[in-house]
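Bear in mind the structure is a predicted one, so any value in this text is a computation, not a measurement. When reading the values below, keep in mind they use all heavy atoms of this one structure, side chains included, and skip hydrogens, waters and symmetry mates. Indexing begins at 1, ligand by ligand and atom by atom, following the structure's order.
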Amino acid sequence: MAQPIKVTSKIRLSNFKPDYRAGMSKEEAREQTTKLCFRIAELQQLLYANSNHSLIILLQGMDTSGKDGAGKRVLEFVPPSGVETTSFKVPSSEELAHDYLWRAHKAVPRYGHFGVFNRSYYEDVLVVRVMDLVPKPVWKARYEQINSFEKLLSDNNYIVLKFFLHISKEEQAARLRARIEDPTKNWKFEESDLEMRKHWDDFQEAYEDAINKCSTNYAPWHIIPADHKWFRDYAIAGVVVDALQKLKMKWPKPKIDLSKVKIK
Ligand code: ADP
């Protein structure tokens with residue numbers, strides 16, 4: 001049976017296979033992804049020409065799930081000037097001196113641009129919950145606040161697409177091992193990733209809750225099977241193309257009567 005990507009009702013993460021590939025081969029998926037990526041670049045041009053909407057691609061997932069890789073591939077043909085990328089790290093002292101959504105709102109892209117959120121304000125109901133960084137009533141109240149924040153964005157012409165890059169614990173082990181064994185990947189290895197891995201089940205539960213409480217028609221979650229990098233990129237690119245095509249954008253009309261313009 002086909003595994004859904006977009007979340008439209010309550011889900012159990014354990015029902016979603018991280019190695020799902022819709023019966024596709026790597027070659028087939030890569031070929032399709034390239035076409036979709038070209039289309040994304042065309043649509044970004046239209047978005048920029050009109051500059052009255054923008055698109056936020058929000059990427060969440062366990063360490064090694066491919067948040068960086070997916071963003072790089074899907075936006076391969078989009079000019080860097082059209083993309084505003086923000087990585088949400090451990091909050092700075094200035095960020096901690098504000099409400100948790102302050103840094104997210106500051107990171108919202110200009111109209112006409114794409115915004116990539118590599119991690120996001122969802123960390124405030126994920127790592128914060130699992131590692132017990134604030135009292136339970138504080139993080140529990142945040143799901144509703146996040147829904148309100150995303151409604152505000154949606155009402156103001158932001159398309160918010162949220163992607164959970166779903167990898168298996170075995171695949172993460174293989175990717176962590178590669179970071180130790182491959183000298184070109186050594187720089188990516190962090191001991192803290194092993195610490196987080198110990199809390200795997202708690203994270204899965206926190207993700208499941210965030211997905212169930214914050215999947216709305218105006219800011220849907222997508223569960224992206226991410227054990228196969230090529231299927232991950234194909235699935236994300238497809239969602240991005242569909243969302244942008246729904247805008248039915250046209251090239252803006254000239255502001256003056258161009259037939260009267262003489263270029264000498
Ligand atoms: P990445 O793993 O995304 O490539 P880092 O290794 O710098 O980048 O990890 C960023 C770390 O910041 C992650 O462990 C993440 O859980 C943490 N983080 C992000 N937002 C918050 C937050 N609001 N509170 C605590 N930790 C956070």
Side-chain angles (χ1 to χ4, degrees), residues 13 56-75 83-108 115-150 160 162-169 171-180 182 184-211 213-214 221 224 226 229 232-233 236:
L13 264 185
I56 297 174
I57 298 173
L58 183 155
L59 300 163
Q60 285 282 168
M62 298 296 286
D63 291 311
T64 76
S65 60
K67 299 181 287 295
D68 286 310
K72 205 162 98 184
R73 172 68 169 124
V74 168
L75 303 179
V83 186
E84 298 174 27
T85 302
T86 307
S87 294
F88 288 74
K89 307 275 186 189
V90 175
S92 66
S93 54
E94 193 189 10
E95 286 165 350
L96 283 173
H98 293 84
D99 73 88
Y100 71 102
L101 287 172
W102 177 74
R103 66 172 177 167
H105 212 158
K106 271 209 321 184
V108 163
V116 177
F117 287 2
N118 190 324
R119 302 183 188 269
S120 66
Y121 42 91
Y122 278 95
E123 292 293 328
D124 294 282
V125 289
L126 293 167
V127 70
V128 165
R129 164 178 166 165
V130 172
M131 304 310 286
D132 223 358
L133 302 182
V134 300
K136 189 169 176 179
V138 175
W139 61 255
K140 272 205 120 175
R142 289 181 173 167
Y143 300 104
E144 219 179 292
Q145 295 161 1
I146 287 175
N147 285 341
S148 302
F149 175 58
E150 291 175 349
V160 184
K162 303 179 301 200
F163 298 98
F164 170 56
L165 309 190
H166 187 30
I167 53 163
S168 60
K169 202 172 176 191
E171 180 62 22
Q172 189 195 50
R175 291 184 189 182
L176 286 172
R177 250 177 246 124
R179 288 182 178 186
I180 292 172
D182 178 348
T184 67
K185 293 185 177 164
N186 286 169
W187 63 276
K188 292 191 192 180
F189 184 78
E190 301 220 28
E191 271 185 305
S192 62
D193 293 353
L194 298 183
E195 190 50 43
M196 293 297 165
R197 183 173 161 81
K198 289 187 193 149
H199 301 277
W200 183 274
D201 292 342
D202 293 338
F203 269 106
Q204 297 295 305
E205 202 181 313
Y207 269 111
E208 193 172 279
D209 253 10
I211 291 169
K213 291 183 197 299
C214 300
W221 268 107
I224 301 295
K229 296 175 183 174
R232 172 199 74 199
D233 298 341
I236 297 175

Hits for side-chain hydrogen bond (donor to acceptor under 3.5 Å, both in side chains) against S148, two or more places apart or cross-chain, chain-then-number order -> none
* List in chain and number order the residues that pass salt bridge (Lys or Arg N to Asp or Glu O under 4.0 Å) with K136, two or more places apart in sequence or in another chain; answer none if no residue qualifies. =>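 Not a single residue meets the salt bridge (Lys or Arg N to Asp or Glu O under 4.0 Å) criterion with K136.
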Here the gap from K213 atom NZ to I146 atom CD1, rounded to the nearest 0.5 Å, amounts to 11.5 Å
In this structure, CD of E190 is separated from CG of L176 (nearest 0.5 Å) by 11.0 Å
Holding to ring-ring contact (aromatic ring centres under 6.0 Å, His included), I want the full list of residues that pass it with F117, two or more places apart in sequence or in another chain.
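Checked F117 against ring-ring contact (aromatic ring centres under 6.0 Å, His included); matches are F88.
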Q: Identify whether the distance between the nearest side-chain nitrogen and carboxylate oxygen of D68 and K229 falls below 4.0 Å.
A: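 Salt bridge: no.
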Short N or O contacts of ligand 1 with protein, under 3.5 Å, listed by atom name?
| unit_1 | atom_1 | unit_2 | atom_2 | d |
| --- | --- | --- | --- | --- |
| ligand 1 | 2 (O) | R119 | NH2 | 2.8 |
| ligand 1 | 3 (O) | R119 | NE | 2.6 |
| ligand 1 | 3 (O) | R119 | NH2 | 3.4 |
| ligand 1 | 6 (O) | E190 | OE2 | 3.3 |
| ligand 1 | 7 (O) | K89 | NZ | 3.1 |
| ligand 1 | 8 (O) | K89 | NZ | 3.2 |
| ligand 1 | 12 (O) | V90 | N | 3.1 |
| ligand 1 | 16 (O) | E123 | OE1 | 3.0 |
| ligand 1 | 20 (N) | K89 | O | 3.3 |
| ligand 1 | 20 (N) | R103 | NH2 | 3.1 |
| ligand 1 | 23 (N) | R103 | NH2 | 3.3 |
| ligand 1 | 23 (N) | D124 | OD1 | 3.1 |

